[in-house]
Protein chains: 2
Amino acid sequence: MSQKVMSIGTVRDLTGLTERQIRYYEDRELVFPERSPGGARKFSFEDVERLKEIHMKMKDGFHTFELRKSIAGHQSRT
Amino acid sequence: MSQKVMSIGTVRDLTGLTERQIRYYEDRELVFPERSPGGARKFSFEDVERLKEIHMKMKDGFHTFELRKSIAGHQSRT
DNA sequence: CGTGTAAGGAATTCTGACACG
DNA sequence: CGTGTAAGGAATTCTGACACG
C-alpha cells in the first residue's frame, strides 16, 4: 500500500480532489509522491488516504501549516 | 489490490516485462485491465502478480492459449 | 507464436504565472 | 491562503503494421 504507483489523474479520481489541490498539498509538504523518470508524480494508496484526511481537515477550517504537524508522523522527507 | 490504478509503464517497472508483452498478454485474454477515458490501460496489483505468473509459465514452455485455462478462474471478462 | 520496432496521433502531466480574496 | 485557469512543452500511451521464425 505504500508503493508509489498511481499518477495524479488516478489520485484525482480516487480522492475527488482537483489536480491543483493535490499539487498544492505536495507543495505544502503534506504528501510526498515520488517521480517518474519523466517527472510525473507517483502516489501510493496511503497517499490517497492521507489526501482524503487532509481535505476533511481543511473543510474543518485547518490550514496547511497546521496539518503538517497534526497529521505528521507518517513519513518524513528522506 | 484489485483496484485498477497503474498505467502500463508502472506495470513494466514492477514486472520487468516489456510493454509489448503486457499488451500481448491482454490481447491473448490473460489479463483484463480497465481503460481510462483517454484509452490508457489501468492495472491492479493483482494484475501485476498475474503477469509475473504468466511470464514464469511462458518460460516453462507454455503457450498463451494453454495459460488461459490453467491460470483462469481469477476473473472473467464481465 | 511471441516479441521487437518505427510511425503518427492523442491524452496526460509538468511548471510558472496571473487572478481573487 | 487555497484554488482556478490559460499556455507551451515534454513524457506517456495507443493502435496497426512489418519483421522474424
Side-chain angles (χ1 to χ4, degrees), chain A residues 3-45 47-72 77, chain B residues 3-45 47-72 77:
Chain A
Q3 288 180 82
K4 310 284 190 175
V5 298
M6 324 176 219
S7 54
I8 198 166
T10 303
V11 177
R12 167 173 39 63
D13 296 341
L14 260 43
T15 62
L17 301 178
T18 64
E19 295 179 17
R20 183 67 161 103
Q21 292 175 306
I22 299 170
R23 294 199 184 99
Y24 183 64
Y25 297 160
E26 178 196 20
D27 184 63
R28 303 281 43 166
E29 297 184 41
L30 295 177
V31 282
F32 308 94
E34 291 183 351
R35 295 284 181 151
S36 73
R41 269 164 274 253
K42 290 296 180 183
F43 299 85
S44 66
F45 277 105
D47 290 329
V48 169
E49 292 310 308
R50 192 180 173 79
L51 284 165
K52 288 180 187 171
E53 194 179 331
I54 290 169
H55 193 56
M56 287 195 287
K57 299 277 188 175
M58 296 287 283
K59 289 198 297 186
D60 287 343
F62 289 95
H63 286 225
T64 54
F65 58 84
E66 297 173 303
L67 296 180
R68 201 174 313 155
K69 300 172 185 172
S70 67
I71 303 189
R77 195 180 34 159
Chain B
Q3 288 179 83
K4 311 284 190 175
V5 298
M6 327 176 217
S7 54
I8 197 166
T10 302
V11 176
R12 165 173 41 60
D13 297 341
L14 260 42
T15 62
L17 302 179
T18 64
E19 297 179 16
R20 182 69 162 102
Q21 292 174 306
I22 299 168
R23 294 200 184 98
Y24 183 64
Y25 297 161
E26 179 197 19
D27 184 63
R28 303 280 48 168
E29 295 182 44
L30 295 177
V31 282
F32 307 93
E34 292 183 351
R35 294 285 181 149
S36 73
R41 269 163 273 251
K42 291 295 182 184
F43 300 85
S44 66
F45 276 105
D47 290 329
V48 169
E49 292 311 307
R50 192 180 173 80
L51 283 165
K52 287 181 187 171
E53 196 179 330
I54 290 169
H55 192 56
M56 287 195 289
K57 300 275 188 177
M58 296 287 284
K59 289 198 298 188
D60 288 345
F62 289 94
H63 285 226
T64 53
F65 59 83
E66 298 173 301
L67 296 180
R68 201 173 314 156
K69 299 172 185 173
S70 67
I71 302 186
R77 194 181 33 157

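Below, chains carry the letters A, B, ... as their sequence lines are ordered, and counting in each starts from 1. If you're wondering where the values come from, they're calculated on a predicted model, not measured in any experiment.
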Is it the case that the side chains of B/S44 and B/D47 hold a donor-acceptor pair, with the cut-off being a distance below 3.5 Å and no angle test?
yes

Does [X] place a side-chain N or O at less than 4.0 Å from the phosphate oxygens OP1/OP2 of [N]?
{"X": "A/S7", "N": "D/dT12", "answer": "no"}
{"X": "A/Y25", "N": "D/dT3", "answer": "yes"}
{"X": "A/R41", "N": "C/dC14", "answer": "yes"}
{"X": "B/S36", "N": "D/dT13", "answer": "no"}
{"X": "B/Y24", "N": "C/dT3", "answer": "no"}

In this structure, which stretches of DNA chain C are paired as stems of three or more consecutive Watson-Crick or G-U pairs, both distances less than 3.5 Å?
C:2-5 with D:17-20, C:17-20 with D:2-5

Among C/dC14, C/dT3, C/dT13, the nucleotide that comes nearest once only the side chain of B/M58 is considered
C/dT3

Consider the side chain of B/R35, meaning its heavy atoms from C-beta on, and name the nucleotide among D/dT15, D/dT3, C/dT12 that approaches it most closely.
D/dT15

What integer distance in Å separates [X]:[atom1] from [N]:[atom2]?
{"X": "B/D27", "N": "C/dT3", "atom1": "CG", "atom2": "P", "result": "12 Å"}
{"X": "B/H63", "N": "C/dG2", "atom1": "NE2", "atom2": "C1'", "result": "9 Å"}
{"X": "A/I54", "N": "D/dG2", "atom1": "CD1", "atom2": "P", "result": "12 Å"}
{"X": "A/L67", "N": "D/dG2", "atom1": "CG", "atom2": "P", "result": "8 Å"}
{"X": "A/I8", "N": "D/dT13", "atom1": "CD1", "atom2": "C1'", "result": "18 Å"}
{"X": "B/E26", "N": "D/dT13", "atom1": "CD", "atom2": "P", "result": "14 Å"}

Sequence neighbours excluded, which residues qualify as salt bridge (Lys or Arg N to Asp or Glu O under 4.0 Å) partners of B/E34?
none

Applying ring pair (Phe, Tyr, Trp, His ring centres under 6.0 Å), can you list everything that pairs with B/F65, at least two apart in sequence or on another chain?
B/H63

Can you name the residues that form a side-chain contact (heavy atoms from CB on, under 4.5 Å) with [X], not counting sequence neighbours?
{"X": "A/R12", "result": "A/E19, A/I22"}
{"X": "B/F62", "result": "B/K57, B/D60, B/E66, B/L67"}
{"X": "B/E49", "result": "B/K52"}
{"X": "A/S36", "result": "A/A40, A/K42"}

If the threshold is 4.0 Å, N to carboxylate O, is there a salt bridge linking A/E29 and A/R50?
no

Please list, in numerical order, the residues of residues 14-23 of chain A that have a heavy atom closer than 4.0 Å to any atom of DNA chain D.
A/T18, A/R20, A/Q21

So does A/F45 get a backbone contact from the side chain of A/K4, meaning a donor-acceptor N/O pair under 3.5 Å?
no

Ranking B/H55 and B/K42 by the position along DNA chain C of their nearest nucleotide, the one closer to 5' is B/H55

